[in-house]
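Step one of this worksheet: look at the structure below.
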Number of protein chains: 2
Amino acid sequence: MGQNDNQNTVPAIHRAIDVIEFISSSQRELSFSEIMDNVDIPRQSLIRILNTLCIRGFLDKSSQRGLYRIGLKFLYLGHGLPDKFELRTAAWKSMKALSQKTGKTIELSSLDRDQLILLEQIRGSEEMSLYSRVGSVIPYLHAVSVGKVYLALMEPDKRRRVLKKIGLPAMTRHTITDMARLEQEIQETQARGYGFEDQELREGVRRVAAPIFNSNGKHVGCIGLSAAVFSFELDDLDQYGRMVREAAEKTSAELGYVSNS
Amino acid sequence: MGQNDNQNTVPAIHRAIDVIEFISSSQRELSFSEIMDNVDIPRQSLIRILNTLCIRGFLDKSSQRGLYRIGLKFLYLGHGLPDKFELRTAAWKSMKALSQKTGKTIELSSLDRDQLILLEQIRGSEEMSLYSRVGSVIPYLHAVSVGKVYLALMEPDKRRRVLKKIGLPAMTRHTITDMARLEQEIQETQARGYGFEDQELREGVRRVAAPIFNSNGKHVGCIGLSAAVFSFELDDLDQYGRMVREAAEKTSAELGYVSNS
DNA sequence: TTTTCAAATACCATATATGGTACTTAATGG
DNA sequence: CCATTAAGTACCATATATGGTATTTGAAAA
């Protein structure tokens with residue numbers, strides 16, 4: 001909190017965003033003093049900030065003298081994402097088809113600011129708690145099928161930069177934490193044309209993902225399929241891999257991509 | 001734009017939100033001067049605001065000297081919605097079941113700041129263009145099944161206030177624009193226990209919706225079903241109405257509601 | 001009822017963010 | 001190539017948002 005480094009910014013906006021992000025991170029409603037204790041803003045100013053954000057719908061207050069929470073405006077504003085939306089439209093048909101064919105959870109993800117972000121999702125039959133939410137982000141490229149695809153298609157120096165920034169932290173006991181092992185995995189991903197993840201992010205979940213390219217040949221996203229281990233045997237890997245690759249290729253075609261291999 | 005009425009607010013934040021909302025409303029990427037021409041903010045200050053918002057991920061810039069668009073952060077922040085999320089969790093199973101039984105589009109909506117907001121959606125087989133996006137808001141309570149349910153369960157004076165604010169504008173040639181007719185419709189809704197809308201918001205689309213109550217007996221949302229006219233005949237109305245009512249009742253039970261009728 | 005505490009308001013001198021002007025950079029087109 | 005335009009930077013006097021202190025309100029407990 002507090003990147004007041006740059007001169008060409010507005011302190012008041014930084015503070016407002018600090019407040020928003022703190023409330024969001026807490027995942028529940030917060031009292032005024034809880035917020036006060038966790039952001040470095042004087043009482044009077046904080047009151048003004050909270051007021052402003054409430055008036056504009058960026059925060060909600062449960063009652064007159066109540067608790068603060070993130071406003072529904074954020075759901076609403078989460079739309080005006082023009083180019084990512086194009087991707088969503090293009091991918092929709094293939095995702096739906098894949099969902100009907102497999103009954104599994106199908107996801108559309110993209111890379112933004114070196115993090116994976118979930119853009120769209122068609123849920124399978126797993127229980128609610130297993131799902132990520134649309135819009136959620138994951139910085140651990142090394143632990144996710146989608147991330148491996150991104151790593152596999154990245155410029156080597158960008159790959160090094162990204163991997164250096166987050167390292168290879170273990171999310172489960174299956175996470176790849178050895179760089180040589182990861183290099184090998186990346187090569188396999190390149191060879192197969194799809195990425196695979198075996199309980200490396202979450203215990204009990206397997207995932208495959210394949211890349212989508214736009215008309216300029218740029219890698220703009222991935223279509224992924226995920227399922228619990230008991231409904232996604234290792235024997236199914238090739239089959240599901242082929243399927244997500246097909247779905248992703250169809251989406252690429254939709255975007256005007258022509259393979260030049 | 002520009003509710004600088006209240007004293008206890010931060011002007012800089014108001015401006016930042018003006019910028020965000022303008023960019024969002026345009027539904028595409030905007031150049032600096034396009035933004036300049038449409039918000040009442042001096043050049044220098046606007047630059048600072050855009051900078052700050054970009055640094056914090058609330059806006060994205062396509063390149064160094066590029067176009068501005070809404071940042072993906074909004075997708076991400078659209079989650080920290082604690083209590084609405086509880087509703088989503090509670091409704092999930094019933095919605096899924098309803099979706100499988102009918103193949104239609106199932107939606108979870110709520111009322112926020114006198115507008116209907118779409119919280120969750122399980123899509124049917126209609127084409128992409130027909131769908132609303134999660135988070136989208138509709139102020140026209142009189143033209144939507146969900147809105148009619150809300151009107152039917154509202155305190156009469158709140159109902160009057162809300163209806164007075166927006167009036168009864170016609171969205172299609174089927175929209176109810178006569179108050180007496182609407183009163184009657186509201187009574188029917190109360191009697192049936194579900195709301196119905198026949199192409200009143202969008203030509204060619206029919207919808208039904210039933211209310212969800214929480215443990216305090218408060219009306220907190222609706223489960224709705226929508227479909228194109230050719231797959232939702234008027235003869236099906238009773239059947240679908242019963243189905244959404246069942247789904248909504250199950251969800252209410254999930255939330256700890258006990259009917260005291 | 002009164003007490004207590006959190007939350008919000010009021011006031012105002014001062015620190016500070018603002019927004020003119022002028023300048024630099026980068027991309028476009030002739 | 002130079003000319004033109006849009007985007008961004010630098011500077012600094014001044015208007016203005018800020019954040020102390022003191023006060024008021026409201027809700028819940030005693």
Side-chain angles (χ1 to χ4, degrees), chain A residues 1-20 22-23 26 28-71 82-83 216, chain B residues 1-20 22-23 26 28-71 82 216 218:
Chain A
M1 301 198 187
Q3 34 262 79
N4 306 22
D5 333 316
N6 207 321
Q7 350 263 23
N8 255 22
T9 61
V10 183
I13 300 178
H14 272 300
R15 308 222 279 200
I17 296 178
D18 285 342
V19 169
I20 289 168
F22 172 66
I23 294 177
S26 86
R28 59 187 186 84
E29 298 185 316
L30 296 175
S31 69
F32 177 82
S33 27
E34 280 179 297
I35 300 169
M36 253 279 282
D37 295 344
N38 284 280
V39 296
D40 191 31
I41 300 173
R43 168 187 296 281
Q44 187 63 250
S45 308
L46 182 56
I47 288 173
R48 271 194 278 256
I49 290 169
L50 291 171
N51 252 334
T52 313
L53 292 173
C54 282
I55 288 173
R56 301 303 292 267
F58 276 52
L59 293 179
D60 277 343
K61 213 186 328 187
S62 40
S63 64
Q64 283 260 320
R65 189 165 291 249
L67 304 169
Y68 294 89
R69 59 164 179 261
I70 294 295
D83 73 333
N216 305 320
Chain B
M1 296 188 194
Q3 35 262 80
N4 304 22
D5 333 316
N6 207 321
Q7 351 261 23
N8 255 22
T9 61
V10 184
I13 300 177
H14 271 300
R15 308 223 278 200
I17 295 178
D18 285 342
V19 169
I20 289 168
F22 172 67
I23 295 176
S26 85
R28 60 186 186 87
E29 299 185 315
L30 295 176
S31 68
F32 176 82
S33 28
E34 280 179 297
I35 300 169
M36 253 278 284
D37 295 345
N38 284 280
V39 297
D40 192 31
I41 301 173
R43 167 190 294 280
Q44 189 62 250
S45 307
L46 182 56
I47 288 174
R48 273 193 277 255
I49 291 168
L50 291 172
N51 253 333
T52 313
L53 292 173
C54 282
I55 288 172
R56 301 303 294 268
F58 276 51
L59 293 179
D60 278 343
K61 214 191 318 192
S62 39
S63 64
Q64 284 261 322
R65 189 167 293 249
L67 304 169
Y68 295 89
R69 59 162 180 263
I70 295 294
N216 305 321
K218 194 190 164 203

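Convention: sequence-line order gives letters A, B, ...; per-chain numbering from 1. Since the structure is predicted, the reported quantities are computational estimates derived from the model, not experimental observations.
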Using a 4.5 Å cut-off on heavy atoms from C-beta on, say whether the side chain of B:Ile70 contacts that of B:Leu59.
-> yes
When the distance from CZ of B:Arg15 to P of C:dT18 is rounded to whole Å, what number comes out?
-> 7 Å
Rounded interatomic separation in angstrom, taking NZ from A:Lys61 and P from C:dA6 | 17 Å
Do A:Arg48 and A:Leu50 touch side chain to side chain, with heavy atoms closer than 4.5 Å?
-> no
Identify all stems in which DNA chain C takes part, counting only runs of at least 3 consecutive pairs (Watson-Crick or G-U wobble, each distance under 3.5 Å), and give each as one range with another, ordered by first number.
-> C:1-30 with D:1-30
Here the distance between atom P of D:dA17 and atom CD1 of B:Ile49, to the nearest Å, is 12 Å
Quick one: CG on B:Leu67 to CD on B:Glu34, what's the gap to the nearest 0.5 Å?
-> 7.5 Å
In whole angstrom, give the distance that lies between atom CG of A:Leu50 and atom P of C:dT9.
-> 11 Å
Pairs under 3.5 angstrom, nitrogen or oxygen only, protein versus nucleotides 20-26 of chain C, please.
{"unit_1": "C:dG20", "atom_1": "O6", "unit_2": "B:Gln44", "atom_2": "NE2", "d": "3.2"}
{"unit_1": "C:dT25", "atom_1": "O2", "unit_2": "B:Arg65", "atom_2": "NH1", "d": "3.4"}

With side chains defined as the heavy atoms from C-beta onward, is the minimum distance between B:Tyr68 and B:Leu53 less than 4.5 Å?
-> no
Interatomic spacing from CG in A:Leu46 to OG in A:Ser33 - rounded to 0.5 Å = 10.0 Å
Specify the residue among B:Ala12 and A:Ile47 whose closest nucleotide of DNA chain C lies further upstream toward the 5′ end.
-> A:Ile47
Rounded distance (Å) that lies between atom C1' of C:dA6 and atom CG of A:Leu67 | 12 Å
Hey, could you give me the CE/CZ distance between A:Met36 and A:Arg43, rounded to the nearest 0.5 Å?
-> 4.5 Å
A:Asn51 CG - D:dT18 P separation (whole Å) | 13 Å
Whichever of B:Ile41 and A:Ser31 has its nearest DNA chain C nucleotide further upstream toward 5' = A:Ser31
If you round to the nearest 0.5 Å, how far is OG1 of A:Thr52 from CD1 of B:Ile17?
-> 7.5 Å
Can you check whether B:Ile47 reaches B:Phe32 side chain to side chain, under 4.5 Å on heavy atoms?
-> yes
When rounded to whole Å, the CD1 to C1' distance for the pair A:Ile13 and C:dT18 reads 12 Å
Tell me whether the OP1 or OP2 atom of C:dA8 has a side-chain N or O from B:Asn8 closer than 4.0 Å.
-> no
Using a cut-off of strictly less than 4.0 Å, decide whether A:Tyr68 has a side-chain nitrogen or oxygen near OP1 or OP2 of C:dA6.
-> no
Identify which nucleotide among C:dT18, C:dA8, D:dA7 has an atom closest to any side-chain atom of A:Phe32, counting heavy atoms from C-beta outward.
-> C:dA8
Minimum side-chain heavy-atom gap A:Ile13-B:Phe58 below 4.5 Å | no
